[in-house]
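The chains referred to below are lettered A, B, ... by the order of the sequence lines, with proteins before strands, and numbering in each begins at 1.
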Protein chains: 2
Amino acid sequence: MTTRDQIIETADRLFYHGGFEATSFADIAEAVGISRGNFYHHFKTKDAILEAVVTLRLARTRAMLEAWHTEAPDPRGRIRAFIHMLIANRAQIMAHGCPVGTLCLELAKLDHAAQHRAAEIFGLYRDWLAGQFHALGHGARAEALALHLLGWSQGTAVLIAALRDEAFLQREVAGIEAWLEGLPLSPNTPHKDPACSSPS
Amino acid sequence: MTTRDQIIETADRLFYHGGFEATSFADIAEAVGISRGNFYHHFKTKDAILEAVVTLRLARTRAMLEAWHTEAPDPRGRIRAFIHMLIANRAQIMAHGCPVGTLCLELAKLDHAAQHRAAEIFGLYRDWLAGQFHALGHGARAEALALHLLGWSQGTAVLIAALRDEAFLQREVAGIEAWLEGLPLSPNTPHKDPACSSPS
DNA sequence: ACGAATCTAGGACAATCGTCCTAAATTCCC
DNA sequence: GGGAATTTAGGACGATTGTCCTAGATTCGT
């Protein structure tokens, strides 16, 4: 792995754990084990390293979504792979929140130029999930369902980071899966009796 | 209003808009219109001003919850008052996220000593909402329902801050209200057909 | 009205920030 | 193998950070 890649990798981790603003050039350089001068040779500004991190996250998200697409045979299984992230990464989420949500919120507060590019990670999930809901037969509502699921998982991530309530996480994941199973298969099915996603 | 109150008030606003770490003593002092020496006389450390801000937010949240309790006649109306926050503050939430969620996430990343006190604001909402659900007849599930609603609104806040999709906000609020109306009135009612909160 | 307490202003302090420079060390190409 | 390009180290730069100090200005109790 090149020095540049090590820098991006380390910055990605430190930005997630401590936030973008609170992580300094010196922190990254020390964690990588190089001098600040060497760091500067690869990245002239802090915005440049942030842009590289966002680019890395976009690429990794795309790769993960593609992997889910090939590994899971049906749309419901793929959506379940998305939901499973909350369980698999629960320790990290409880400690530092969701990497995407926390970065977007911080960049929004800083009014940073890269905030829209960071939000594009959410866009990837939204479009991919919408594709799965479309495959499940929900044509016009596919994107709305995707955003609903995305928001549901984001809210769960925020609360478990703030309250460290793992039982709540388990209930919400169960609730999301029940909601997914209960979705009408056909989009033309009238939705007269709107169901509720109350925790079991 | 005393100088100290002005400082807390201004710090509260600046912490919300720009974040705790990114807001400096000089920023607050300049916004209030006082010298840094004067500032130091009232607050010796940055942690002290943060603690005062958290205390203010806790008090204001308590007062707001009490006001909702007296203004709205029934538990459902009170819960709707909570939900209405998303609509009333949508411009601010789109620009800076939810004040509670963003502060808790930032303090978690900084591993700040005040993170649990900040999370107690969520605790106030949780307990108050649980009280309303309890009054609606959901005994044992009241707290789970409260956390579910809290997470739902948090997820909505994160996504509208990142994606600036106001239509999504409207759909989620409508979805929350429909979910609230669809909740069984009696807790003993068997919940065999778990409803889903799919966007309309 | 006068001493005491409080408030305010302005600057000093070391540390750290992002940024930039120079000069070695290394790698690469021919 | 030798010249060019790249990579690395280490320090300097001004600006800003949180913190602290001193000395006037103001307020207050008596």
Gap separating the CH2 atom of A:Trp152 from the CD1 atom of A:Ile83, nearest 0.5 angstrom:
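Going from CH2 on A:Trp152 over to CD1 on A:Ile83, the span is 8.5 Å.
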message = Rounded at 0.5 Å granularity, tell me how far CZ in A:Phe39 sits from CZ in A:Arg4.
response =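 Between atom CZ of A:Phe39 and atom CZ of A:Arg4 there are 10.5 Å.
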Q: Flag yes if more than 12 heavy atoms outside B:Glu181 fall under 6.0 Å of its CD atom; otherwise flag no.
A: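 It does: B:Glu181 CD has more than 12 such atoms within range.
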Item to complete: Give a yes or no on whether B:His134 atom NE2 has more than 12 heavy-atom contacts from other residues, nucleotides or ligands under 6.0 Å away.
Response: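 No.
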Whole angstrom is fine here: how far is it from [atom1] in [X] over to [atom2] in [N]?
X: A:Ile28; N: C:dC17; atom1: CD1; atom2: P; result: 11 Å
X: A:Asp27; N: C:dA15; atom1: CG; atom2: C1'; result: 14 Å
X: B:Phe43; N: C:dC7; atom1: CZ; atom2: P; result: 12 Å
X: B:Phe39; N: D:dC20; atom1: CZ; atom2: P; result: 14 Å
X: A:Glu30; N: D:dG10; atom1: CD; atom2: C1'; result: 15 Å
X: B:His41; N: D:dT22; atom1: NE2; atom2: P; result: 15 Å
X: B:Gln6; N: C:dT8; atom1: CD; atom2: C1'; result: 13 Å

Centroid-to-centroid, A:His112 to A:Phe20, below 6.0 Å?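 That pair passes the under 6.0 Å test.
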List every contact pair, protein side and nucleotides 22-27 of chain C side both N or O, where the distance is under 3.5 Å.
none

message: When you measure from the side-chain N and O atoms of A:His42 to the phosphate of D:dT8, is any distance below 4.0 Å, counting only OP1 and OP2?
response: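 Result: yes.
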Contact under 4.0 Å: A:Asn38 side-chain N or O vs D:dA9 OP1/OP2:
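For A:Asn38, the contact criterion (side-chain N or O under 4.0 Å from OP1 or OP2 of D:dA9) is met.
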(request) Tell me, with the steps shown, if B:Glu166 and B:Arg90 meet salt bridge (charged side-chain N to carboxylate O under 4.0 Å, His left out). (result) CA-CA 8 Å; B:Glu166 190 155 352; B:Arg90 63 186 183 279; 2.7 Å; yes
Given side chains that start at C-beta, do those of [X] and [Y] come closer than 4.5 Å, heavy atoms only?
X: A:Phe122; Y: A:Leu147; answer: no
X: A:Leu86; Y: A:Ile93; answer: yes
X: B:Leu105; Y: A:His96; answer: no

In terms of side-chain heavy atoms, does A:Ser35 have a donor or acceptor partner in A:Asn38 at a distance below 3.5 Å?
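Judged by distance alone, the side chains do not pair up.
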If you restrict it to nitrogen or oxygen atoms, what contacts under 3.5 Å exist between nucleotides 24-26 of chain D and the protein, and what is each distance?
none

Practice problem: Could you tell me whether A:Lys46 sits above the aromatic face of A:Phe43, with NZ or CZ closer than 6.0 angstrom to the six-membered ring centre and within 45 degrees of the axis? | Solution: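 Pair A:Lys46/A:Phe43 does not count as cation-pi.
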Between the protein and nucleotides 18-21 of chain C, list the N/O to N/O atom pairs that are separated by less than 3.5 angstrom.
{"residue": "C:dG18", "atom": "OP1", "partner": "A:Lys46", "partner atom": "NZ", "Å": "3.0"}
{"residue": "C:dG18", "atom": "OP2", "partner": "A:Phe25", "partner atom": "N", "Å": "3.0"}
{"residue": "C:dT19", "atom": "OP2", "partner": "A:Lys46", "partner atom": "N", "Å": "2.7"}
{"residue": "C:dC20", "atom": "OP2", "partner": "A:Tyr40", "partner atom": "OH", "Å": "3.3"}

